[in-house]
Amino acid sequence: QVRLVESGGGSVQAGGSLRLSCATPGYTAGSYCMGWFRQAPGKEREGVASIDSAGSTSYADSVRGRFTISKDNVKNTLYLQMNTLKPEDTAMYYCAADYRGYCSGGFVGWVTKYWGQGTQVTVSS
């Protein structure tokens with residue numbers, strides 16, 4: 001059963017923007033902690049941004065001020081607006097859902113229940 005489906009990735013020049021979407025068919029995204037992870041070649045997967053059922057958000061230091069995580073509870077869709085993209089943002093981006101409903105501390109204590117298949121983001125200089 002499909003639970004998380006990412007889209008919106010692509011190739012852009014540095015300074016450009018992309019908006020990633022994560023559809024959650026059959027899953028009430030607004031009731032759980034949702035987040036975006038990314039993994040670049042040769043590097044470990046890292047948490048990028050998260051949002052919980054109360055709307056509390058958290059960001060990795062590397063993206064704070066440039067990325068914005070949001071959700072549409074009616075559409076059951078998670079978004080990641082990425083502005084002022086840098087080459088170091090190049091990675092495979094994954095949508096994920098935690099078991100919890102509240103995670104104001106970001107990825108502290110995070111346990112992924114569902115993973116998306118990933119969408120590639122490539123930023124050229």
Closer than 3.5 angstrom, by distance alone: can the side chain of [X] be matched with the main-chain N or O of [Y] as a donor-acceptor pair?
X      : Y      : result
Thr122 : Thr90  : no
Glu44  : Gln39  : no
Arg66  : Thr84  : yes
Thr77  : Lys75  : yes
Glu6   : Cys95  : yes
Asp52  : Cys103 : yes
Ser53  : Gly101 : yes
Tyr114 : Tyr99  : no

Identify the two heavy atoms, one from [X] and one from [Y], that lie closest to each other, and give their separation to 0.1 Å.
X      : Y     : result
Val74  : Asp72 : N-OD1, 3.0 Å
Phe107 : Ser50 : CZ-CB, 4.0 Å
Ser70  : Ile51 : CA-CD1, 4.2 Å
Ala97  : Met34 : CB-SD, 3.5 Å

- Message: Surrounding CD of Gln13 (heavy atoms of other residues, nucleotides or ligands, distance under 6.0 Å), is the total greater than 12?
- Response: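 No, the 6.0 Å shell around CD holds no more than 12 heavy atoms from other groups.
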
- Task: Ignoring hydrogens and angles, state whether a donor on the side chain of Arg38 or Ser62 is under 3.5 Å from an acceptor on the partner side chain.
- Result: yes

To the nearest 0.5 angstrom, please state how far the [atom1] atom of [X] sits from the [atom2] atom of [Y].
X      : Y     : atom1 : atom2 : value
Leu80  : Trp36 : CG    : CH2   : 6.0 Å
Gln117 : Cys22 : CD    : SG    : 8.5 Å
Thr57  : Phe67 : OG1   : CZ    : 14.0 Å

- Check: Phe37 ring centre within less than 6.0 Å of Trp115 ring centre: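 Between Trp115 and Phe37, which both carry aromatic rings, the centre distance is below 6.0 Å.
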
- Query: Is Arg100 close enough and on-axis enough to Tyr32, meaning under 6.0 Å and within 45°, for cation-pi?
  - Reply: no

- Taking the side chain as C-beta and beyond, is there a heavy-atom pair between Leu18 and Val121 under 4.5 Å? yes

- Query: Side chains of Tyr59 and Val48: closer than 4.5 Å at any heavy-atom pair?
  - Reply: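 Side-chain contact under 4.5 Å: no.
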
